[in-house]
Structures are given as C-alpha cells and as structure tokens.
Amino acid sequence: MSTTPTRFPPFRLELPHWITEYLGQQPETYSTRDARMKLVTMLAQLNIQHGTGGPFGAGVFRLDTNQLVAPGVNLVLSSKSAIAHAEVVAMMMAQQIVGSHDLGATGLPPYELVTSCEPCGMCLGAISWSGVRHLVCGARGSDAEAVGFDEGPKPANWITELEQRGIAVTMDIGRINASSVLQQYVQNGGEVYNGRQG
C-alpha cells in the first residue's frame with residue numbers, strides 16, 4: 001500500500017493577526033537603528049504574549065525612507081516548519097512585496113534587516129542570499145544559547161564574511177532588552193524547540 005499522498009497541501013506562512021493591528025498604531029518611519037530595534041524586539045515580546053510563536057522578531061526596512069517593508073516573527077511551532085525563523089519570514093515577505101528574490105537588485109533602494117537576535121546558522125545563509133545591505137542585531141547568539149536554543153554551526157568570522165559580500169553588520173543594538181525577552185520566554189515555560197541533534 002502506497003503512503004505517497006495524492007495531493008500536497010498548500011504551504012504558506014501567515015503572520016499572526018495581531019501584527020497588522022499593532023503596526024497600524026505605530027509610526028510609518030523609524031529614523032534610527034534604536035527605533036527599528038525597539039520595534040522588532042516588541043514584535044518578539046508580543047509574539048510571546050499572544051502565544052503565536054517564539055521570542056524572536058525581525059523587520060526589513062528601506063534605508064532611504066526608513067520605512068518598514070515587512071515584519072517577521074518566529075513561527076516555527078505554529079507553521080510546523082523549522083525554517084520559519086523571524087528573519088526568514090521577514091525576508092520572504094519583503095521579497096514578495098518588492099517583487100524580487102534579490103533585495104539588492106539593480107534599481108531597488110538599499111534594505112536593512114533588523115533582528116532581535118544574532119542570526120543562527122540557517123538564517124546566516126539566508127541573509128547572504130537575500131540582497132539586504134545591512135544587518136542589525138540585538139541579542140547575541142550566546143544569549144539565545146544561554147536559555148537553551150541551538151544556534152547551529154557558524155564560522156567564527158561570520159561578520160567578516162558578510163561584510164565581504166557587501167552586507168554591513170551592526171551588533172548589540174538594544175541587546176539588554178532583546179536578551180530579556182529570551183529569558184522571559186523560557187521563565188514563562190515557553191517551548192525551546194531545537195531539532196533533534198545527531
């Protein structure tokens with residue numbers, strides 16, 4: 001008897017309903033990196049409060065206008081997909097909105113990815129191919145690991161490698177606040193959803 005499905009279900013990532021309402025009450029532009037980090041860290045916080053995902057938030061911003069193009073929150077558990085990290089969700093959505101798989105394509109403005117935590121090994125690879133020109137990180141990978149998340153293998157010189165690809169990196173913007181969101185998630189019994197290792 002064959003176990004091959006006769007029909008594959010559609011796969012799509014959808015942001016939680018509360019994001020549209022929340023963003024509708026926020027400013028249209030975010031003129032500083034601190035302001036952009038404050039927004040994505042709040043998205044991570046609200047993702048926990050609404051029970052819609054893990055303690056990570058991200059956003060893709062236009063650097064010429066400082067506008068948010070696409071938000072992202074961690075949707076691993078709700079989507080049943082290990083790749084639905086906040087950074088990946090934000091970049092996928094931004095590429096759909098812009099209409100290009102390459103956010104660095106000729107004729108497009110420069111884009112910045114702001115993420116409440118340093119990218120894991122998977123997100124690092126996705127960032128390399130996304131076309132963003134700047135990466136801004138809040139918490140460190142070591143902060144995520146300290147509460148039990150597996151950040152995966154990354155080269156020690158990952159920042160240099162991104163910079164060699166034309167992607168500037170800024171670390172530790174709002175790190176204390178972003179780290180506290182990670183700690184709160186675990187203290188409140190949030191599931192640390194690492195994949196099986198080995």
Side-chain angles (χ1 to χ4, degrees), residues 13-79 83-97 103 111-120 123 126-127 130 132 134-149 151 169-193:
L13 290 175
E14 293 185 11
L15 290 173
H17 67 280
W18 57 263
I19 288 184
T20 300
E21 181 180 339
Y22 176 74
L23 291 176
Q25 301 168 4
Q26 302 307 308
E28 290 189 15
T29 60
Y30 300 86
S31 59
T32 67
R33 290 197 177 116
D34 286 329
R36 295 191 285 273
M37 182 59 69
K38 184 176 178 182
L39 174 67
V40 303
T41 302
M42 180 55 72
L43 293 178
Q45 177 75 48
L46 291 170
N47 206 34
I48 298 170
Q49 289 177 7
H50 288 277
T52 50
F56 303 95
V60 173
F61 297 82
R62 280 183 62 149
L63 284 178
D64 59 343
T65 63
N66 297 316
Q67 291 175 300
L68 174 68
V69 176
V73 290
N74 183 283
L75 301 173
V76 168
L77 296 176
S78 63
S79 69
I83 66 168
H85 289 198
E87 300 96 310
V88 171
V89 171
M91 290 185 293
M92 287 174 63
M93 181 170 290
Q95 290 165 339
Q96 292 294 304
I97 290 168
L103 295 175
Y111 293 97
E112 177 179 80
L113 173 66
V114 180
T115 178
S116 66
C117 188
E118 173 184 320
C120 68
C123 292
I127 290 165
S130 70
V132 297
H134 201 130
L135 170 66
V136 179
C137 306
R140 293 267 179 139
S142 57
D143 300 326
E145 289 172 341
V147 298
F149 285 101
E151 292 298 279
V169 178
T170 302
M171 299 292 293
D172 299 333
I173 302 297
R175 181 181 180 186
I176 292 173
N177 193 30
S179 297
S180 71
V181 173
L182 297 171
Q183 293 163 9
Q184 177 192 342
Y185 177 75
V186 173
Q187 289 166 358
N188 290 342
E191 181 179 348
V192 178
Y193 39 79

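The first residue in the sequence is number 1, and the count goes up from there.
The closest side-chain heavy-atom distance from H134 to R33 is below 4.5 Å. Here the side chains of H85 and C120 are in contact, with some heavy-atom distance below 4.5 Å. For the pair L43/W18, a side-chain contact is recorded, criterion being any heavy-atom separation below 4.5 Å from C-beta on. Within the 4.5 Å cutoff, no side-chain heavy atoms of V147 are placed close to those of V192.
S130 and V132 get closest at one heavy-atom pair: OG-N, 3.2 Å. For the pair I97 and V69, the tightest heavy-atom approach, listed with the atom from each and the gap, is CD1-O, 3.3 Å. In plain terms, the two heavy atoms of A178 and T41 that are nearest each other are CA-CG2, 3.9 Å. Between S179 and A139, the shortest heavy-atom distance links the atoms OG-CB, 3.6 Å. Heavy atoms only, all atoms of each residue included: V40 and G59 are closest at CG1-N, 3.5 Å. The minimum heavy-atom distance between Y111 and L103, with the atom names listed, is CD1-O, 3.2 Å.
For Q96, the CD atom counts as loosely surrounded, since its 6.0 Å shell holds 12 or fewer non-hydrogen atoms of other residues, nucleotides or ligands. The environment of CE in M93 is crowded: more than 12 heavy-atom neighbours from other residues, nucleotides or ligands sit within 6.0 Å.
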Q: Go through L113 and I127 one step at a time and tell me if the side chain to side chain contact (heavy atoms under 4.5 Å, CB included) criterion holds.
A: CA-CA 8 Å; L113 173 66; I127 290 165; 3.6 Å; yes
Q: List the steps, then state whether side chain to side chain contact (heavy atoms under 4.5 Å, CB included) holds for M42 with Y22.
A: CA-CA 10 Å; M42 180 55 72; Y22 176 74; 3.1 Å; yes
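Note that OG1 of T52 and CG of L75 are 7.5 Å apart. Values are rounded to the nearest 0.5 Å. We find the CD-CD distance between Q184 and Q49 to be 6.5 Å, quoted to the nearest 0.5 Å. Taking CD of Q26 as the reference point, atom CD1 of I19 lies at 12.0 Å (rounded to 0.5 Å). With rounding to the nearest 0.5 Å, the separation of CD in Q187 from CG in L182 is 10.5 Å. Here E118 contributes atom CD and S142 contributes atom OG; the two are 7.0 Å apart, rounded to the nearest 0.5 Å. Remark: M37 CE to C137 SG distance equals 6.5 Å, nearest 0.5 Å.
Side chain of N74 to main chain of P55: no donor-acceptor pair is present (N/O by atom type, distance under 3.5 Å, no hydrogens or angles). Counting only distance, with no hydrogens or angles, the side chain of S116 and the backbone of G57 share a donor-acceptor pair below 3.5 Å. The backbone N or O of C117 lies less than 3.5 Å from no partner atom in the side chain of D143, so there is not a single donor-acceptor pair. The backbone N or O of E191 lies less than 3.5 Å from a partner atom in the side chain of Y185, making a donor-acceptor pair. Side-chain atoms of Y30 come within 3.5 Å of backbone atoms of P27 as a donor-acceptor pair (strictly under, hydrogens ignored).
With F61 as the fixed residue, the side-chain contact (heavy atoms from CB on, under 4.5 Å) test singles out one of T29, L39, N66: L39.
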